[in-house]
Number of protein chains: 2
Amino acid sequence: MSDLAAALDVVGARWALLVVERLLDGPQRYGDLQRDLGVPTNMLATRLRELEAAGVLTRLPLRHNTRAYALTDRGLALREAIVALARWGAEQA
Amino acid sequence: MSDLAAALDVVGARWALLVVERLLDGPQRYGDLQRDLGVPTNMLATRLRELEAAGVLTRLPLRHNTRAYALTDRGLALREAIVALARWGAEQA
DNA sequence: GGGCGACACTTGCAAAATGCAAGTGCAACG
DNA sequence: CGTTGCACTTGCATTTTGCAAGTGTCGCCC
């Protein structure tokens, strides 16, 4: 499997890169991600589980039953790729 | 819609970026893409149609009933993003 | 000129991913 | 002790993906 295929195995699923992009601005809570991205709640829960298992993000416990999601170093390392893709997307206008 | 979401609308589907990556080495024929990538034939046909419609690649007619697929300038502009993603994928080893 | 193989697909259907809407559990607040 | 906010889960419809087999066209060979 190529390096690109390996990357897509982790962040190639729908919404995955958008979630990571949102977290580049700092830790976010579940409800914030949901509202900002417009992602279906079950998909968001699934992606967060997968991305956590892949070591891309971690859960930060906050008060009582709330938590925030934050990128790990591996997640932060996606910044370059995300910026490059977003720049390409911007050129389509 | 964010720039990243716009990009993913075009190249976010399964196999799309892998097809583009393969074409970065130069024009390829249908059968070559199929064998090299291991992509199901109906998916390949669908992706090639979509990527052509999006202006990412074009068909080059060859002899009789054969053709090759080549990246347009817009397709070539994906090189940076693909390299960045592949590099990230390689770091997972 | 009829059969054969290569090439580029299409078609039919099963399996998996995605999306929508409603429901669950739990802690704090009043 | 009922209500509210948050973080999910669950059930089911829709869409996407995948597998396998079939179609059409052209050139080649006998």
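Remember, predicted model here, so these are calculated numbers, not experimental data. Numbered from 1 within each chain, the chains take letters A, B, ... in sequence-line order.
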- Query: What's the CG-P distance between B:Leu18 and D:dT17, to the nearest Å?
  - Reply: 13 Å
- Whole-Å distance between D:dC26 P and B:Asn65 CG? 7 Å
- Of all of residues 48-64 of chain B, which get a heavy atom below 4.0 angstrom from DNA chain D, listed by number? B:His64
- Task: May I ask you to list the residues of residues 20-43 of chain A, by number, that have any heavy atom positioned under 4.0 Å from an atom of DNA chain D?
- Result: A:Arg29, A:Tyr30, A:Gly31, A:Thr41, A:Asn42
- Among B:Leu76, B:Leu51, B:Leu78, which one satisfies side-chain contact (heavy atoms from CB on, under 4.5 Å) with B:Leu71? B:Leu76
- Carefully, step by step, assess A:Val19 and A:Val39 under the rule side chain to side chain contact (heavy atoms under 4.5 Å, CB included). CA-CA 9 Å; A:Val19 167; A:Val39 49; 5.6 Å; no
- Query: Is it true that atom CZ of A:Arg87 has more than 12 heavy atoms of other residues, nucleotides or ligands lying nearer than 6.0 Å?
  - Reply: no
- Take atom CD in B:Gln28; do more than 12 heavy atoms of anything else shown fall under 6.0 Å from it? yes
If you define the side chain from C-beta out and look only at heavy atoms, does anything of [X] sit under 4.5 Å from [Y]?
X       : Y       : value
A:Arg29 : A:Leu62 : yes
B:Arg79 : B:Val83 : yes
A:Ile82 : B:Leu85 : no
A:Leu33 : A:Leu23 : yes

- Message: Go through it in stages, so that I can follow the logic: the residues are B:Asp9 and B:Met1, the test is side chain to side chain contact (heavy atoms under 4.5 Å, CB included), and I'd like the CA-CA distance, side-chain angles, deciding distance and then a yes or no.
- Response: CA-CA 10 Å; B:Asp9 253 27; B:Met1 190 166 67; 4.0 Å; yes
- Go through DNA chain C in 5' to 3' direction and return only the first and the last nucleotide with some atom under 4.0 Å of chain B's heavy atoms. C:dC7 to C:dG12
- Message: The test is side chain to side chain contact (heavy atoms under 4.5 Å, CB included); show your working for B:Tyr69 and B:Thr58 and say whether it passes.
- Response: CA-CA 6 Å; B:Tyr69 294 90; B:Thr58 49; over 6 Å; no
- Message: Short of 4.0 Å, heavy atom to strand atom, which residues of residues 5-16 of chain B count as contacting DNA chain C?
- Response: none
- Message: Tell me every residue that passes salt bridge (charged side-chain N to carboxylate O under 4.0 Å, His left out) with B:Arg59, counting only those two or more places apart in sequence or in another chain.
- Response: B:Glu52
- Set of residues satisfying salt bridge (charged side-chain N to carboxylate O under 4.0 Å, His left out) with respect to A:Asp25, sequence neighbours excluded: A:Arg22
- Strictly by modelled atom types, are B:Thr66 and B:Tyr30 linked by a side-chain donor-acceptor pair under 3.5 Å? no
